[in-house]
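Worksheet for the structure shown next.
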Amino acid sequence: MRIATWNVNSVRAREARLLAWLAAKQPDVLCLQELKCLDDGFPHEAVRALGYHALVYGQKTYNGVAILSRVPPEAEERGFGDGDADPQARFLGARIGGIRVFSAYFPNGGELGSEKWAYKLAWMARLRAFLGRACRPDEPVALCGDFNVAPEERDVRNPDAWKDTVLFHPDARAALQQVAEFGLVDAFRRVRPEDGLYSWWDYRMLGFPKNDGLRIDHVYVTAPLVPRVTAAEIDRNERKGKQPSDHAPVIVEIAD
DNA sequence: ATGGTTGCTTAGCAA
C-alpha cells in the first residue's frame, strides 16, 4: 500500500495539479491539508472519476483536511473529540485496509511567543492526548500530514537560520517528540537517512531555487507498520513549474 | 528589523 500526504495550499487553486498527480502516481491513500474551502468546494466528481473515495473535513478560507482512498474508508473521526470546541478543521481520521489513517494539519505557530505559537504547542499536546485515548501503539496507525515541524538538523538546509522560528524551534521539536513517544516512528527516515531532502520551501526569498527547504511533511507509523516500510520519496518535481503548492507530496510504501 | 510570494477575499490575514 502506498500512502501519500500533500499540503496543496488551496485545493481549488491546485485542482488541475492534484488530478494530474493522482492519475500519475495512483497512491492507495492520499492525505491532503490546507484545502481552504468547505466540503462543497472540493472536486468530488473529478476525484471519484479517478477511482478515489474522499472524506473531506473542510473549512472556509483556512485549514481543511481530506483523506482520499481507493477502497472505501470504514470509519471517520473529525477533530480530537476532546470537548474543546475548536473551529479549525485540522484533523481527520479513517480506517482503511486495516490501518488507522490520520490527515493532520498542525498549526504553523506564527511568531514565537504569539498566541498562535501557544495554540500550536497546545494543539500538539491535544494530539498526544488523543492518541493515548483513542489509539493503541500496537495497532497499525499512520499519522500523515503537514506537521509544521522539522524533527532534526538534517531536515533543515540552514538549521542555524531556522532554529529561532516556529518550524524548527527546540520547543516545537520537543512537542513532536512527545507525540512520537506514543509509539510513532518517522517512516521516511526508516528508509531514507540521507540529508538534503525537504518537503517545503517558502514562496518568498527564492526558497525553492536556493533549496532553502525544510522537511515538515511526514508519515509517522506505529510498530506493526515499521518493518513493512519498504520505500519513501518526496516528489520534488511537483514543487516545480507554474503555480505549485509550496509543499511537495511525500509518499511511503508499506508492504502488504 | 524587514522583506519577499501566494491564496482568499477584496485590505488584510495567514502561511
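All chains are named by letter (A, B, ...) in the order of the sequence lines, taking the proteins before the strands, and each is independently numbered beginning at 1.
There is a side-chain donor-acceptor pair under 3.5 Å between Thr5(A) and Gln33(A). Side-chain atoms of Asn148(A) and Lys120(A) form no donor-acceptor pair, as typed in the model, at a separation below 3.5 Å.
Within residues 234-244 of chain A, no residue has any heavy atom closer than 4.0 Å to DNA chain B. Within residues 166-178 of chain A, no residue places a heavy atom under 4.0 Å from DNA chain B. For the segment residues 209-218 of chain A, no residue has any heavy atom less than 4.0 angstrom from an atom of DNA chain B.
For dA11(B) and dT6(B), the C1' atoms lie 16 Å apart once the distance is rounded to whole Å.
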Sort me out a list of protein N/O and nucleotides 11-15 of chain B N/O pairs below 3.5 Å, or just none if empty.
residue	atom	partner	partner atom	Å
dA14(B)	OP2	Lys116(A)	NZ	2.9
dA14(B)	O5'	Lys116(A)	NZ	3.2
dA15(B)	N6	Arg204(A)	NH1	3.3

Would you be so kind as to tabulate the donor-acceptor pairs closer than 3.5 Å made by side chains of residues 244-251 of chain A, with sequence neighbours excluded?
residue	atom	partner	partner atom	Å
Ser245(A)	OG	Asn7(A)	O	2.6
Ser245(A)	OG	His247(A)	N	3.0
Asp246(A)	OD2	Trp200(A)	NE1	3.2
His247(A)	ND1	Asp217(A)	OD1	2.9
His247(A)	ND1	Asp217(A)	OD2	3.2
His247(A)	NE2	Asn7(A)	ND2	3.4

Hey, can you pull the donor-acceptor pairs under 3.5 Å for the side chains in residues 167-185 of chain A, sequence neighbours left out?
residue	atom	partner	partner atom	Å
His169(A)	ND1	Asp171(A)	N	2.9
Arg173(A)	NE	Pro151(A)	O	3.1

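Taking the charged nitrogens against the carboxylate oxygens, Arg154(A) and Asp195(A) have no contact shorter than 4.0 Å, which rules out a salt bridge.
Taking the side chain of Met205(A) as heavy atoms from C-beta on, and the options dG7(B), dT9(B), dG4(B), the nearest nucleotide is dG4(B).
Thr230(A) places no side-chain N or O within donor-acceptor distance of the main-chain N or O of Ile254(A), the cut-off being under 3.5 Å.
Between Arg14(A) and dG7(B), a side-chain N or O to OP1/OP2 separation shorter than 4.0 Å is present.
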